Amino acid sequence: MEHNSAETLVQVICLLSALATICWTLMVVPMRIVPQTCIRFALANGCVLVGMYLYTYRTDAASYLHWLFADIIILCGFAALRSGTQMLDKLPSTWRQNTMIILSAATLMLLVPPQAQFAAYLVSILSLAAAGFFCGLTLDCYRAYKASPTSFAIYSLVIPTTVFGMLFLLKGIALLIQPDLARTLAMLNTYESKPVLWLYILFILGMNMLIMANVVNNLMTKISNLAHIDELTGIWNRHSLAEKLRSTHQHWLHSNSVYSILLFDLDHFKNINDTYGHTVGDEVLRQTAQHIRASIHHNDDVFRYGGEEFLLILPDTNQIQALVVAKRCCALFNEMVVITHQGKVHVTASFGVATISKHVDAENLLSMADKAMYQAKSSGRNCVRAAP
Ligand SMILES: Nc1nc2c(ncn2[C@@H]2O[C@H](COP(=O)(O)OP(=O)(O)OP(=O)(O)O)[C@@H](O)[C@H]2O)c(=O)[nH]1
């Protein structure tokens, strides 16, 4: 190392990557928090640590270990970072693209001897490959954000990945055009390289913090889903029904915009369980929920109310409109065939509709819909009845 302060900064980078590797590893064992994802983030930091450590041993002599291997291991770290993010945000893996970037970089690096004399060229290849990873990461985060627009954590990653992608790109191009910049941009042991080293420190700190925010956000969503989503059918559960009904009722009180609820119960469901078994019964419930969810308006919500009972909340919907929805759903059951491992199963349902009006509270509305639904049952099932 030529200058002590540059050496200290490289040591800080190594220390930060080591700490981050330990933290992410602790998330895998013993905490087991999204382990497949966290192991990739641990690997990403570990690779940066090894790469940076090898950089510190660079001398004027040619060394494949301290140049080529160190650079490739850092690129593998970026690939692991991208793969972890894709896994966390449930995006398709781009391992082929990642492998292509690494192999192309390695091939280009092999064209010159691995030594300081060719630092501008070697670091330029490394930077352009890194830019490829960060541009890909930006696209991944943007896609994840589009799929879940309320997730601020994902969006917050788009900005730093874009910035780092651009910086790596500019560095790569600058070194190709102006090899004289190597002392500042490519050699990490010179006084002139200090700003670049500070940027690396910011990069490691910033990326780890934002990814941690993303993981925490992901966990919070999972916990919230466990509390609000019915495990069997994947639709809202009764707990979230209470919350949604309360907020819809408040909206009605403030805006006077009427809402309706639609309660339906599968007909003779016990026969399905008795004939085909509970597994088929569960499959019927699952597919029923999916069909109904796919057929309703985006403003409406469907909840599992009880065993084979479901409830729809229809905001801004009067009784006439609610009856139309109920009849459409009833017809959907008549057309619907549930395909199970025991063969095709046909199921119908009985519907009760209730619409909010003055002097009716949310509790009363539920019992009105319940009564209307039982009227539908006693009228022969597979039909719709509205509360008066
Ligand atoms: N497979 C399965 N069955 C369930 C679940 N929850 C409730 N059930 C069954 O649903 C059946 C409901 O039966 P009943 O209340 O007699 O009603 P039904 O047979 O649908 O008859 P009607 O409602 O009068 O048309 C029972 O056999 C419950 O065991 C579930 O999560 N999975």
Side-chain angles (χ1 to χ4, degrees), residues 221-245 260-296 300-314 317 319 322-355 362-388:
T221 312
K222 268 193 187 155
I223 293 168
S224 161
N225 281 352
L226 280 178
H228 292 92
I229 304 261
D230 175 57
E231 211 182 341
L232 176 70
T233 57
I235 59 175
W236 300 114
N237 62 17
R238 201 167 173 152
H239 174 67
S240 40
L241 165 68
E243 284 176 17
K244 180 71 187 179
L245 196 56
S260 298
I261 61 170
L262 201 162
L263 181 64
F264 65 91
D265 182 284
L266 304 190
D267 296 330
H268 300 304
F269 190 66
K270 191 172 178 306
N271 289 348
I272 293 178
N273 274 334
D274 293 347
T275 315
Y276 303 100
H278 259 73
T279 322
V280 170
D282 284 354
E283 190 51 38
V284 172
L285 291 174
R286 214 175 284 127
Q287 290 195 30
T288 298
Q290 282 165 11
H291 276 93
I292 293 292
R293 185 160 59 178
S295 72
I296 56 175
D300 305 338
D301 283 304
V302 57
F303 303 82
R304 186 166 178 210
Y305 191 58
E308 15 63 280
E309 272 183 298
F310 295 84
L311 191 137
L312 283 162
I313 296 184
L314 313 171
T317 307
Q319 195 188 53
L323 278 168
V324 171
V325 176
K327 284 178 183 158
R328 204 183 62 223
C329 289
C330 191
L332 184 85
F333 275 97
N334 286 305
E335 289 161 14
M336 185 176 90
V337 178
V338 179
I339 297 165
T340 72
H341 67 279
Q342 295 262 32
K344 293 176 179 173
V345 178
H346 188 79
V347 67
T348 60
S350 304
F351 293 75
V353 173
T355 303
E363 278 294 309
N364 290 339
L365 194 69
L366 281 173
S367 67
M368 283 162 61
D370 201 45
K371 279 187 193 134
M373 195 266 289
Y374 276 102
Q375 270 178 23
K377 287 272 181 197
S378 49
S379 311
R381 297 179 172 79
N382 188 18
C383 61
V384 176
R385 291 291 176 270

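Predicted model, so just to flag it, every value in this text is computed and none were measured. Read the numbers this way: they start at 1 and go in the same order the structure lists the ligands and their atoms.
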Query raised in the report: With sequence neighbours left out, what residues match Arg286 under salt bridge (Lys or Arg N to Asp or Glu O under 4.0 Å)?
Result: Glu283
Query raised in the report: Can you name the residues that come within less than 4.0 Å of ligand 1, going by heavy atoms only?
Result: Leu232, Asp265, Leu266, Asp267, His268, Phe269, Lys270, Asn273, His278, Gly281, Asp282, Leu285, Arg304, Gly307, Glu308, Lys377, Arg381
Requested in this report: Can you run down the side chain to side chain donor-acceptor pair (under 3.5 Å) pairs that involve residues 224-234, sequence neighbours left out, and say none if there aren't any?
Outcome: His228-Glu243, Asp230-Thr233, Asp230-Arg304
Query raised in the report: Just wondering, do Thr288 and His291 contact through their side chains at under 4.5 Å, heavy atoms?
Result: no
Query raised in the report: Who passes ring pair (Phe, Tyr, Trp, His ring centres under 6.0 Å) against Phe310, sequence neighbours left out?
Result: Phe264
Query - NZ (Lys377) with more than 12 external heavy atoms under 6.0 Å - result: yes
Query raised in the report: Pick from Ile272, Val280, Asp282: which one makes a side-chain contact (heavy atoms from CB on, under 4.5 Å) with Thr340?
Result: Val280
